[in-house]
There are 2 protein chains.
Amino acid sequence: MRKIDENELFDLAELFKVFGDSTRIRILYKLSDKEICVQEIADSLGMTQSAISHQLKILKQSKLIKSRRDGKSILYSLADDHVRSIINQGLEHVEE
Amino acid sequence: MRKIDENELFDLAELFKVFGDSTRIRILYKLSDKEICVQEIADSLGMTQSAISHQLKILKQSKLIKSRRDGKSILYSLADDHVRSIINQGLEHVEE
DNA sequence: TTAACATATGAACAACTATTCATATGTACA
DNA sequence: TGTACATATGAATAGTTGTTCATATGTTAA
C-alpha cells in the first residue's frame with residue numbers, strides 16, 4: 001500500500017467514524033437514490049426530527065451530504081459518488 | 001444503489017466503527033505490507049502492549065486481521081484485500 | 001404582522017469505549 | 001522444573017457520543 005502520513009490516517013479514522021453509526025448509515029442509504037427532507041427521513045427511520053437534524057449536521061460537516069432549500073423544507077442528498085463507493089466496498093466485506 | 005436490509009446496514013455500521021479509531025487504523029496500516037508481532041506494533045506506535053492487544057482482539061473479531069504463532073511471538077497480518085480496498089476508498093474521499 | 005410549519009441548536013444525561021494497571025496464560029530454553 | 005519472555009485479559013476510569021427536551025431560527029401564506 002502506498003505511503004500515508006499520520007495526519008491522513010487520523011482524518012481517515014474520523015471519516016470512518018462518521019460511517020460507523022447505524023443512524024447515519026441509514027440516513028446515507030435513504031439518500032442514496034433521491035433527495036429527501038428532514039422530516040421524511042425522521043419518519044421513515046422512526047426517529048425524532050431533532051435526532052436526525054443533529055446527525056445531518058455531522059454528515060454535512062464531513063462533506064458526505066449536501067443540502068438545498070425548497071420552500072419551507074430543506075432537501076438533503078449525497079455529496080458525491082464516493083459515499084456510494086465506500087458503502088459498497090464495506091458491504092463486500094460484510095457479506096461474507 | 002441496490003437494496004440493503006436493516007440488518008446489513010447495522011453490520012455495515014459495526015464494520016466502519018472498527019475502522020473509525022485512529023489506533024486501529026494505524027495498526028491496519030502497519031500490517032498492510034507485512035506481518036508484525038504485538039510488541040513491535042506497540043513500539044512503533046508508541047503505545048503499551050496491553051492497549052495494542054485489546055485493539056488487536058477487536059480487529060480479529062471483525063475478521064480484519066489474522067494471526068499465527070511464531071515461537072514466543074504472535075504475528076498479525078491483514079485478513080484479506082478487502083481491508084486495503086476499504087482504506088483506499090476512504091482515502092479518496094479524505095484527499096480532496 | 002401573525003400563525004403555522006420546517007429545521008437547527010444548546011444543554012443535559014445515559015450509554016459506550018479506549019486506555020491503564022495488575023495479573024494471568026502460554027512458550028522457549030537452560 | 002524454573003525463569004524469562006510475549007501476549008492476553010479483566011476491572012476500573014476518564015473521555016466521547018447519540019438522543020432527548022426545550023427553544024430558537026427561518027420560511028410561507030393568510
Sequence neighbours excluded - salt bridge (charged side-chain N to carboxylate O under 4.0 Å, His left out) pairs with any residue from residues 77-92 of chain B: B:Asp81-B:Arg84

Expected rows: protein N/O vs nucleotides 13-20 of chain D N/O, under 3.5 Å:
from	atom 1	to	atom 2	distance (Å)
D:dG18	OP1	A:Arg24	NH1	3.1
D:dG18	OP1	A:Arg24	NH2	2.8
D:dG18	OP2	A:Arg24	NH1	3.4
D:dT19	OP1	A:Thr23	OG1	2.7
D:dT19	OP2	A:Gln55	NE2	2.9
D:dT20	OP2	A:Thr48	OG1	3.2
D:dT20	O4	A:His54	NE2	3.2

Any side-chain N or O of B:Tyr76 below 4.0 angstrom from OP1/OP2 of D:dA6? no

With a cut-off of less than 4.0 Å, is there a side-chain N or O of B:Lys57 near OP1 or OP2 of D:dT9? yes

Under the salt bridge (Lys or Arg N to Asp or Glu O under 4.0 Å) rule, collect the residues that match up with B:Arg69, sequence neighbours excluded. none

Distances for protein N or O near nucleotides 24-30 of chain D N or O, under 3.5 Å:
from	atom 1	to	atom 2	distance (Å)
D:dT27	O3'	A:Gly71	O	3.4

Protein-nucleotide distance (A:Leu75, atom CG; C:dA8, atom P), rounded to Å: 11 Å

For B:Ile41 and D:dT7, give me the distance from atom CD1 to atom P, rounded to whole Å. 9 Å

Where at least one partner belongs to residues 60-88 of chain B, residue pairs that pass ring pair (Phe, Tyr, Trp, His ring centres under 6.0 Å), sequence neighbours excluded: A:His93-B:His82

Across the strands shown, which category fits A:Gln49 at heavy-atom distances under 4.0 angstrom: base, sugar-phosphate, nothing? base

B:Ser53 near the nucleic acid: base, sugar-phosphate alone, or nothing, with a heavy-atom cut-off under 4.0 Å? base

Pairs of donor and acceptor atoms involving the side chains of residues 8-19 of chain B, under 3.5 Å and at least two apart or interchain, shall be tabulated with distances.
from	atom 1	to	atom 2	distance (Å)
B:Glu8	OE2	B:Arg2	NH2	3.3
B:Glu14	OE2	B:Lys17	NZ	3.1

For A:Gln89, the side chain to side chain donor-acceptor pair (under 3.5 Å) test, sequence neighbours excluded, returns none

Just jot down the side chain to side chain donor-acceptor pair (under 3.5 Å) partners of B:Lys30, sequence neighbours excluded, or say none. none

Ion pair check, B:Glu35 and B:Lys66, cut-off under 4.0 Å: no

Qualifying side chain to side chain donor-acceptor pair (under 3.5 Å) pairs with a residue from residues 49-60 of chain B, counting only residues at least two apart or across chains: B:Arg24-B:Gln55, B:Lys60-B:Ser67

